[in-house]
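Residue indices begin at 1 and follow the sequence shown.
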Amino acid sequence: MNKRTVCFFMLYHGRPRLTRMSMWHMAETIKKFCDSGHESIGIVIGDENKDAEYARNLGLQHFEYANDPLSLKFSFAWTQAILKETDYICWMGSNNLHSDAYWGKCISNLEGPKQVTFGTNKFSVVHSSTHVQETCTFKTRKSIHLCSAGQFYLNYSLSHAVNFRSIYNPNQTFDFDGPINKAFSEKWGKNVIKKISSHPSDCLDIKDDTNIHSYESYISRRGGVYPAYKDRDDLKIDFKELKMLDEGYFD
């Protein structure tokens with residue numbers, strides 16, 4: 001059984017309750033991977049003093065970096081993660097949670113042969129408010145696309161396929177994973193991008209009213225483009241962080 005090292009990284013800006021929830025989730029995830037024999041670390045990138053202190057108290061390394069321009073912030077984040085020289089890098093979102101079942105699949109995958117990149121192609125959209133119960137599930141449309149949150153990247157592959165000084169447009173504000181997957185597929189073919197899971201609970205994308213892609217933009221097409229999923233209260237059975245969020249733990 002192979003043992004791999006992992007650097008988990010997260011960019012954050014605003015949304016303090018959701019950010020702290022996701023940082024707490026990152027710390028718990030790191031413990032899970034370390035307990036499985038895969039030594040892991042976590043870094044977070046942002047410029048909020050209170051969140052920086054919170055991250056450090058969780059044992060995460062914090063880098064201060066302005067949010068604008070976002071393209072430079074992402075290039076900086078990738079570079080810092082690569083410099084940790086772990087076998088893999090995993091992107092975690094600052095408003096995302098992942099199921100134990102999904103992390104279990106990732107751990108099993110780490111123990112096999114090295115892969116360029118792997119992850120899930122589904123996430124479920126959930127509102128941060130307890131008063132909004134409807135959820136729905138998004139599925140990526142192309143084979144080279146995975147959900148950025150919870151996607152694993154082989155450090156070697158990033159270093160040999162992606163130039164982070166030029167991969168992003170200066171004014172880019174979204175789709176920061178797409179160009180990387182495209183670079184992988186152009187260098188080694190589409191088959192190097194592996195979908196290891198496709199379950200609605202692989203990833204929860206928890207929306208408030210500040211997201212670029214709003215809750216309403218998804219839920220307005222619920223049952224059609226985006227299949228309905230469990231009510232929000234039902235998800236709290238499997239996601240303790242969501243329950244903690246509602247109980248004010250991250251206020």
Side-chain angles (χ1 to χ4, degrees), residues 6-13 15 22 26 43-46 65 67-82 88-98 102 106 109 114-125 136-200 202-207 210-215 217-218 221 225-226:
V6 183
C7 175
F8 293 89
F9 82 95
M10 177 188 299
L11 290 81
Y12 73 89
H13 177 70
R15 301 181 303 192
S22 297
M26 175 186 270
I43 63 175
V44 293
I45 301 95
Y65 206 91
N67 199 60
D68 187 25
L70 198 52
S71 58
L72 291 182
K73 185 179 181 181
F74 265 92
S75 294
F76 175 83
W78 283 112
T79 301
Q80 293 305 315
I82 289 169
Y88 282 93
I89 294 168
C90 178
W91 178 346
M92 295 184 71
S94 60
N95 66 320
N96 295 133
L97 299 173
H98 300 271
Y102 175 68
C106 294
N109 217 59
K114 288 184 177 180
Q115 296 182 14
V116 172
T117 186
F118 61 86
T120 178
N121 69 340
K122 286 185 179 178
F123 66 81
S124 291
V125 177
C136 62
T137 301
F138 173 89
K139 179 181 178 182
T140 59
R141 294 177 177 83
K142 295 182 179 179
S143 60
I144 70 165
H145 292 154
L146 298 171
C147 301
S148 59
Q151 185 172 351
F152 284 73
Y153 305 82
L154 193 65
N155 197 325
Y156 174 92
S157 301
L158 287 170
S159 301
H160 286 77
V162 184
N163 183 349
F164 285 103
R165 291 173 296 178
S166 60
I167 188 91
Y168 299 130
N169 296 322
N171 298 320
Q172 193 164 336
T173 58
F174 62 94
D175 190 31
F176 289 98
D177 56 324
I180 296 173
N181 290 337
K182 183 180 179 182
F184 285 160
S185 65
E186 288 177 347
K187 190 171 184 66
W188 294 299
K190 296 180 180 179
N191 290 337
V192 301
I193 300 169
K194 301 293 186 181
K195 177 191 70 178
I196 65 164
S197 187
S198 185
H199 192 279
D202 286 340
C203 176
L204 300 189
D205 195 48
I206 302 175
K207 306 284 191 182
T210 64
N211 294 85
I212 294 174
H213 303 294
S214 69
Y215 171 83
S217 69
Y218 290 97
R221 292 182 281 177
V225 177
Y226 304 124

Problem - Any donor-acceptor pair under 3.5 Å from Y226 side chain to V125 backbone - result: no
Fill in the blank from the handout: Closest non-hydrogen atoms of M26 and I43, given as atom of the first, atom of the second and distance, are CE-O, 3.9 Å
Exercise for the section: Without swapping roles, check the side chain of N121 against the backbone of K139 for a donor-acceptor pair under 3.5 Å. Expected result: no
Problem - Rounded distance (nearest 0.5 Å) linking atom CD of Q172 with atom CG of L70 - result: 8.5 Å
Handout entry: Under 3.5 Å side-chain donor-acceptor pair for K73 and N67
Key = yes
Handout entry: Pairwise distance CZ(F152) to CZ(F8) - rounded to 0.5 angstrom
Key = 4.5 Å
Practice task
Please state whether the rings of F184 and Y153 are parallel, tilted or perpendicular, taking 30° and 60° as the class boundaries.
Solution key: tilted
Exercise for the section: Of all the heavy-atom pairs spanning A149 and G93, show the shortest one and how long it is. Expected result: CB-N, 4.1 Å
Exercise for the section: Without swapping roles, check the side chain of N163 against the backbone of R165 for a donor-acceptor pair under 3.5 Å. Expected result: yes
Handout entry: Rounded distance (nearest 0.5 Å) linking atom CZ of R221 with atom CZ of F138
Key = 9.5 Å
Exercise for the section: Measure up the Y168 and F164 rings against each other and bin them: parallel (under 30°), tilted (30 to 60°), perpendicular (over 60°). Expected result: tilted
Exercise for the section: Compute whether any side-chain donor of one residue and acceptor of the other, for D177 and Q151, lie under 3.5 angstrom apart. Expected result: no
Handout entry: Min side-chain heavy-atom separation R15-S94 under 4.5 Å
Key = yes
Practice task
List the atom of S124, the atom of P200, and the distance in Å for their closest heavy-atom pair.
Solution key: OG-O, 2.7 Å
Exercise for the section: Check for a donor-acceptor pair, side chain of N95 on one end and backbone N or O of I206 on the other, with a separation under 3.5 Å. Expected result: yes
Exercise for the section: Using a 4.5 Å cut-off on heavy atoms from C-beta on, say whether the side chain of I193 contacts that of V116. Expected result: no
Problem - Contact check, side chains of W188 and S157, non-hydrogen atoms, under 4.5 Å - result: yes
Exercise for the section: Measure across T140 and C147 and return the closest heavy-atom pair with its distance rounded to 0.1 Å. Expected result: CG2-N, 4.1 Å
Handout entry: Minimum heavy-atom distance V162-I167, with the two atoms named
Key = CG1-CD1, 3.8 Å
Fill in the blank from the handout: Rounded to the nearest 0.5 angstrom, the CZ-CZ distance for F9 and F74 is 7.0 Å
Practice task
Find out whether C106 and F118 are in side-chain contact, i.e. whether some heavy atom of one side chain is under 4.5 Å from a heavy atom of the other.
Solution key: yes
Practice task
Taking the side chain as every heavy atom from C-beta outward, state whether I180 and W78 have any atom pair closer than 4.5 Å.
Solution key: yes
Handout entry: Between CG on residue D68 and NE2 on residue H13, distance to nearest 0.5 Å
Key = 8.5 Å
Practice task
Looking only at non-hydrogen atoms, find the nearest pair between L146 and N181 and report the distance.
Solution key: N-ND2, 3.9 Å
Practice task
If the plane angle is over 60° it's perpendicular, under 30° parallel, otherwise tilted; pick one for Y218 and F123.
Solution key: perpendicular
Handout entry: Nearest-0.5 Å distance, NZ of residue K195 to OG1 of residue T120
Key = 8.5 Å
